[in-house]
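Chain letters run A, B, ... following the sequence lines, proteins first and then strands; every chain starts at 1. Given the structure is predicted, the values throughout are model-derived calculations rather than measurements.
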Amino acid sequence: MKNVDRQIKDITITLPDGAQRTYPSGTSALDVATDISPGLAKVVIAAKIDGELSDLSLPIINDAALELVKKDADEALELIRHDCAHVMAQAVQKLFPGTQVTIGPNIDNGFFYDFARDEPFSSEDIEAIEKQMRTIIQRGDAFVREVWDRDKAIAYFKDKGEAYKAEIIEDLPEGEDIKVYRQGQGDDGWLDLCRGPHMPTTRHVGDGFKLLKVAGAYWRGDSNNAMLTRIYGTAWRDKKELKAYLHQLEEAEKRDHRKLGAEMDLFHFQPEAQGSVFWHPQGFTIYNQMEGYIRRRLNDAGYDEIKTPQLIDNKLWEKSGHWGKYRENMFVVPDEVPQGSDDGTHDGPILSDKAFEKLMALKPMNCPAHVQVFNQGIKSYRDLPIRLAEFGCCHRNEAHGALHGLMRLRQFTQDDAHIFCTEDQITDEAVGFCELLQNVYSDLGFDDVAVALSLRPETRVGDDALWDKAEEGLRKALVKTGLEFREDPGEGAFYGPKIDYQIRDAIGRTWQCGTLQLDFNLPERLDASYIGEDGNKHRPVMLHRAILGSLERFIGVMIENYSGKLPLWLTPTQVVVATITDKADAYATALQEKLVAAGVRADLDIRNEKINYKVREHSHAKVPYIYVVGAREAEEGTVAIRELGGKDQLVKNVDDAIAGLVDDAKAPF
RNA sequence: GCCGCGGUAGCUCAGUGGUAGAGCGCGUCAUUGGUAAUGACGAGGUCGGGAGUUCGAUUCUCCCUCGUGGCACCA
């Protein structure tokens, strides 16, 4: 056994099954594993000492609980990915001397490493790096942990030209161990500043990894800093797991709402209106169904729907504070008739110098306009709460790089509403909203909702008593609705605490859609008031709230969640009546008309094509039902129903079929 | 906005320093067929825009533009 010379005392090692073993102090986890069985020693990759993941080789000084971590453990992926990042960095520096390393953390499903290099990495470079990584892994160099003196470490990295690493060490708190992990010897040697732990050797990384993409990233995530080159990779226990993950990526790509949107003829984008949607008839059917559904829900929950102007004088935006805080995201329009020209060429300046004297802005939010509606007339405490809803079309001047299909637009429609209430009504209103939101998400097929309560930030408006009341009001509401939630101190907006709702989709991605935000600021700025029981003026509390967030974006999320196979009530074309021969044309036409009359979105396909062709085409278009009719059905007054993806047909008489379909196609509310 | 990659027919993509090709789709004709590809023929492209190099540019270079993957942003 190693380290016997350092033996001072015996320590007790407790294994997960409760068994206790005695070893000399300084024994490593690997020693323990070897002692238990040589076979075990071969498959362990790390240790958990008193619950903390550590290197196998680390000497254990005192009594400890020890868990030996094998490749099938959850923690194994962390280790594999992190080691893989080290191997990648070594490969990069071997192939591209002069490249500086910066940071390389694990992320979901993989890792990245940021490098500072003048030239970007080409796809051939990436292949070469991967090849080099395999060489390093096959060599099976041991990861060796060393603790360095701080100044020595800084000097070492500075001397090597690793300015970023030196900077990282300089920023580490005084007194923290500067740990370095070395892998390989001489020419094939490499080391990196690292918190660890690592697996025993590079060979343990295995072959379940792949480099995925190269991207730019700012040093320390700050756009004022230098742009580094980031290489993303994914790593798994073995090739099989890797393959499964890559397959999953492909599947996710197939669901991309932009791709499905084009295939299903739902909408398009074009350069003349970047970031804004051209809805096609099929897509707008979905949009209208969604809007109608939310409208019914809001109406039922006691909201009043309004519509407010698109273009509003910037004076209002100044008053609301948006001009100061949000201007760079606003589209500003001069309130001036563009200049004509006498000769009809329109060559002259479009606007006069005075154009800037009066500016209008396309609204980026609806709230100031809603306060204007509230402010009309005198409100009594008896009128509260007042809930004003609007399918508000907003324009935001988003950075070009941020635009992404329906998910991030410059013009979008919020299912927005503002509740004006008293401080005492906060909890009831929040409860009401939470319930409404849960019902809506559940109707739309999202049952996994994560809730976060964001509390007061450093800089804020409103006194602490108000914040106390507001935060407590929201907390109480969440407890009352029985929703599980997390609290995020300091994450609230400057104008009030908020609740954010995240839904999880069919492939595990999360989307932040719903929100409930208290606002102490805007009623003050825009002088909203009501007359209280005491006959005096009071400020109402304002709640901003949305369930879908953006109608467009939510439809994008729905398309991806359902892979385009939306619930029947949202599907643009619910059924196609398709004929086998033209002998059934008249019967099919009558059937389709009957369906339409019953409120079903039904198309007719009496083209001169074979039934195979029609079935294939409509299946591709994801039409949920195909009603096939031929001479037989025409004679018997029936229809052969083919469900999307199904192989069998169900023959029903026409009236039963229609009644059943109408029932299935009912909106959930 | 920043870094990288890309833009060739309606769509997906191949290709070349001598003005272009496939599959699907589209049109016409034939086919009257029973549940995911019937056959034949045909139309369709200033190869994203501009400038440069060249006898000649879709191809090479530069600029612009749009898209895209990240980063930053998302009061």
Side-chain angles (χ1 to χ4, degrees), chain A residues 107 112 114 117-123 125-126 212-232 253 256 258-259 262-263 265 268-275 320-330 364-365 367 396-405 407-410 412 457 459 461 492-496 498 512 517 519 521-522 544 549-550 553 578-585 606-621 623 626-633 640-651:
Chain A
I107 49 172
F112 67 76
D114 284 348
R117 180 174 184 243
D118 294 337
E119 294 279 299
F121 295 104
S122 65
S123 38
D125 292 342
I126 294 300
L212 294 178
K213 56 196 170 194
V214 186
Y218 298 108
W219 168 235
R220 300 204 150 158
D222 185 337
S223 57
N224 296 314
N225 289 342
M227 176 70 68
L228 307 171
T229 300
R230 173 173 298 180
I231 303 179
Y232 283 95
E253 222 169 282
D256 190 313
R258 294 166 300 180
K259 193 176 144 83
E263 279 172 12
D265 194 17
H268 84 270
F269 296 93
Q270 65 186 52
E272 287 83 354
Q274 345 170 356
S320 71
H322 289 87
W323 197 248
K325 288 212 177 229
Y326 202 68
R327 192 171 62 196
E328 58 213 36
N329 283 296
M330 291 167 68
M365 293 172 202
C367 23
R396 293 184 186 174
N397 199 341
E398 303 284 4
H400 289 77
L403 302 175
H404 181 90
M407 303 304 190
R408 192 84 178 264
L409 292 165
R410 295 177 126 187
F412 59 96
T459 40
V461 300
F494 74 90
Y495 48 75
K498 60 174 180 173
Q512 213 253 283
Q517 308 187 2
D519 191 338
N521 185 237
L522 210 54
H544 307 254
S550 142
R553 189 171 100 111
T579 48
I580 291 170
T581 73
D582 58 10
K583 290 189 190 76
D585 281 4
I606 53 173
R607 290 175 302 170
N608 175 19
E609 297 291 351
K610 290 178 75 168
I611 192 64
N612 276 329
Y613 182 91
K614 295 182 184 182
V615 165
R616 186 181 139 76
E617 193 177 277
H618 300 307
S619 298
H620 271 160
V623 174
I626 302 172
Y627 281 10
V628 178
V629 293
R632 198 156 66 217
E633 286 76 12
I641 302 171
R642 188 198 161 96
E643 197 172 348
L644 179 58
K647 284 215 158 48
D648 308 323
Q649 307 133 49
L650 185 65
V651 179

A.B. asks: Taking atom types as modelled and ignoring hydrogens, do the side chains of A/Tyr627 and A/Glu633 form a donor-acceptor contact shorter than 3.5 angstrom?
C.D. replies: no

A.B. asks: Using heavy-atom distances to pick each residue's nearest nucleotide on RNA chain B, tell me which of A/Ala217 and A/Arg632 is more 5'.
C.D. replies: A/Arg632

A.B. asks: So which nucleotide does B/G39 pair with, by the Watson-Crick or G-U wobble rule with both distances under 3.5 Å?
C.D. replies: B/C29

A.B. asks: Would you compute the distance between atom CD1 of A/Ile611 and atom CD1 of A/Ile580 and round it to the nearest 0.5 angstrom?
C.D. replies: 5.0 Å

A.B. asks: For the residue pair A/Lys213 and A/Phe112, would you count it as a cation-pi contact if the rule is NZ or CZ under 6.0 angstrom from the ring centre and within 45 degrees of the ring axis?
C.D. replies: no

A.B. asks: How many whole angstroms separate atom CD of A/Glu398 from atom C1' of B/C2?
C.D. replies: 17 Å

A.B. asks: Considering just the side-chain nitrogens and oxygens of A/Tyr218, establish if one lies under 4.0 Å of OP1 or OP2 belonging to B/G1.
C.D. replies: no

A.B. asks: What integer number of Å spans the P atoms of B/G48 and B/G7?
C.D. replies: 8 Å

A.B. asks: Is the phosphate of B/U68 approached by A/His400 (side-chain N or O, under 4.0 Å from OP1 or OP2)?
C.D. replies: no

A.B. asks: Is the Lys NZ or Arg CZ of A/Arg410 less than 6.0 Å from the centre of A/Phe412's six-membered ring, within 45° of the axis?
C.D. replies: no

A.B. asks: What interatomic distance, in whole Å, is found between C1' of B/A37 and the corresponding atom of B/U54?
C.D. replies: 48 Å

A.B. asks: Please give, in whole Å, the distance from B/U35 P to A/Lys647 NZ?
C.D. replies: 13 Å

A.B. asks: So, is A/Arg230 near the phosphate of B/G69, with a side-chain N or O under 4.0 Å from OP1 or OP2?
C.D. replies: no

A.B. asks: Any luck finding a side-chain donor-acceptor pair between A/Asp222 and A/Asn224 under 3.5 Å?
C.D. replies: yes

A.B. asks: Across the strands shown, which category fits A/His620 at heavy-atom distances under 4.0 angstrom: base, sugar-phosphate, nothing?
C.D. replies: base

A.B. asks: Counting the atoms with a prime plus P, OP1 and OP2 as sugar-phosphate, which does A/Ala640 contact under 4.0 Å by heavy atoms, base, sugar-phosphate, or nothing?
C.D. replies: base

A.B. asks: Applying the Watson-Crick and G-U wobble criteria at under 3.5 Å, what pairs with B/G45? Answer none if nothing qualifies.
C.D. replies: none

A.B. asks: Report yes if at least one side-chain N or O of A/Arg616 is closer than 4.0 Å to OP1 or OP2 of B/G25; otherwise report no.
C.D. replies: no

A.B. asks: Taking 4.0 Å as the cut-off, does a side-chain nitrogen or oxygen of A/Gln274 come that near to OP1 or OP2 on B/C66?
C.D. replies: yes

A.B. asks: Roughly how many Å apart are B/G10 and B/C26, using the C1' atom of each and rounding to a whole number?
C.D. replies: 8 Å

A.B. asks: For atom C1', what is the distance between B/G4 and B/A43, given to the nearest Å?
C.D. replies: 40 Å

A.B. asks: Give none if B/G34 has no partner; otherwise give the nucleotide forming a Watson-Crick or G-U wobble pair with it, both distances under 3.5 Å.
C.D. replies: none

A.B. asks: Can you find a donor-acceptor N/O pair under 3.5 angstrom joining the side chain of A/Asn612 to the base of B/U35?
C.D. replies: no

A.B. asks: Between the side-chain atoms of A/Arg220 and the base atoms of B/A72, is any donor-acceptor pair under 3.5 Å?
C.D. replies: no

A.B. asks: Rounding to an integer number of Å, can you tell me how far A/Tyr232 OH sits from B/C5 P?
C.D. replies: 17 Å

A.B. asks: Strictly below 4.0 Å, N to O, side chains only: are A/Arg258 and A/Glu253 in salt-bridge contact?
C.D. replies: no

A.B. asks: Going by heavy atoms in the side chains, are A/Asp114 and A/Met227 under 4.5 Å from each other?
C.D. replies: no

A.B. asks: Does A/Glu328 or A/Thr581 map to a spot on RNA chain B nearer the 5' end, using the closest nucleotide for each?
C.D. replies: A/Thr581

A.B. asks: Rounding to the closest angstrom, what is the interatomic distance between B/G44 and B/U28 at atom P?
C.D. replies: 16 Å

A.B. asks: Can you tell me the Watson-Crick or wobble partner of B/A57, both distances under 3.5 angstrom?
C.D. replies: none

A.B. asks: Does A/Ala631 reach a base, just sugar-phosphate, or nothing at all? Heavy atoms under 4.0 Å.
C.D. replies: base

A.B. asks: Between P on B/U35 and CD on A/Glu633, what's the gap in Å once rounded to a whole number?
C.D. replies: 11 Å

A.B. asks: Counting the atoms with a prime plus P, OP1 and OP2 as sugar-phosphate, which does A/Gly221 contact under 4.0 Å by heavy atoms, base, sugar-phosphate, or nothing?
C.D. replies: sugar-phosphate

A.B. asks: Within the pair A/Arg258 and B/U68, is there a side-chain N or O less than 4.0 Å away from OP1 or OP2?
C.D. replies: yes

A.B. asks: Can you tell me the Watson-Crick or wobble partner of B/G10, both distances under 3.5 angstrom?
C.D. replies: B/C24

A.B. asks: Could you identify the nucleotide paired to B/G17, looking across every strand shown and requiring Watson-Crick or G-U wobble geometry with both distances under 3.5 Å?
C.D. replies: none

A.B. asks: Confirm from the modelled atom types if A/Arg408 and B/C73 form a donor-acceptor pair under 3.5 Å, side chain to base only.
C.D. replies: yes

A.B. asks: Please name the nucleotide paired to B/G1 by Watson-Crick or G-U wobble geometry with both distances under 3.5 Å, or report none.
C.D. replies: B/C71

A.B. asks: I need the OH-P distance between A/Tyr613 and B/G33, as an integer number of Å.
C.D. replies: 19 Å

A.B. asks: Once you round it to whole Å, what is the distance between P of B/G70 and CG of A/Asp114?
C.D. replies: 15 Å

A.B. asks: Suppose you measure atom P in B/U16 against the same atom in B/U59; what distance do you get, rounded to whole Å?
C.D. replies: 13 Å

A.B. asks: Has A/Arg642 got a side-chain atom pairing as donor or acceptor with A/Gly646's backbone, closer than 3.5 angstrom?
C.D. replies: yes

A.B. asks: To the nearest Å, give me how far apart CD1 (A/Ile580) and C1' (B/G34) are.
C.D. replies: 4 Å

A.B. asks: For a quick check of understanding: with a heavy-atom distance under 4.0 Å over all strands, which category does A/Lys213 fall into, base, sugar-phosphate or nothing?
C.D. replies: sugar-phosphate

A.B. asks: Using the P atoms only, state how far B/A36 lies from B/A40, rounded to an integer number of Å.
C.D. replies: 22 Å

A.B. asks: Sticking with atom P, work out how far B/C11 lies from B/U19, rounded to a whole angstrom.
C.D. replies: 26 Å

A.B. asks: Below the 4.0 Å mark, does B/U32 have OP1 or OP2 next to a side-chain nitrogen or oxygen of A/Lys583?
C.D. replies: no

A.B. asks: Of all the nucleotides listed (B/G69, B/C74, B/A36), which has the minimum atom distance to the side chain of A/Ala215?
C.D. replies: B/G69

A.B. asks: To the nearest Å, how far apart are A/Gln270 CD and B/U68 P?
C.D. replies: 14 Å

A.B. asks: When you check the side-chain N and O atoms of A/Arg220 and A/Tyr218, is any donor under 3.5 Å from an acceptor?
C.D. replies: no

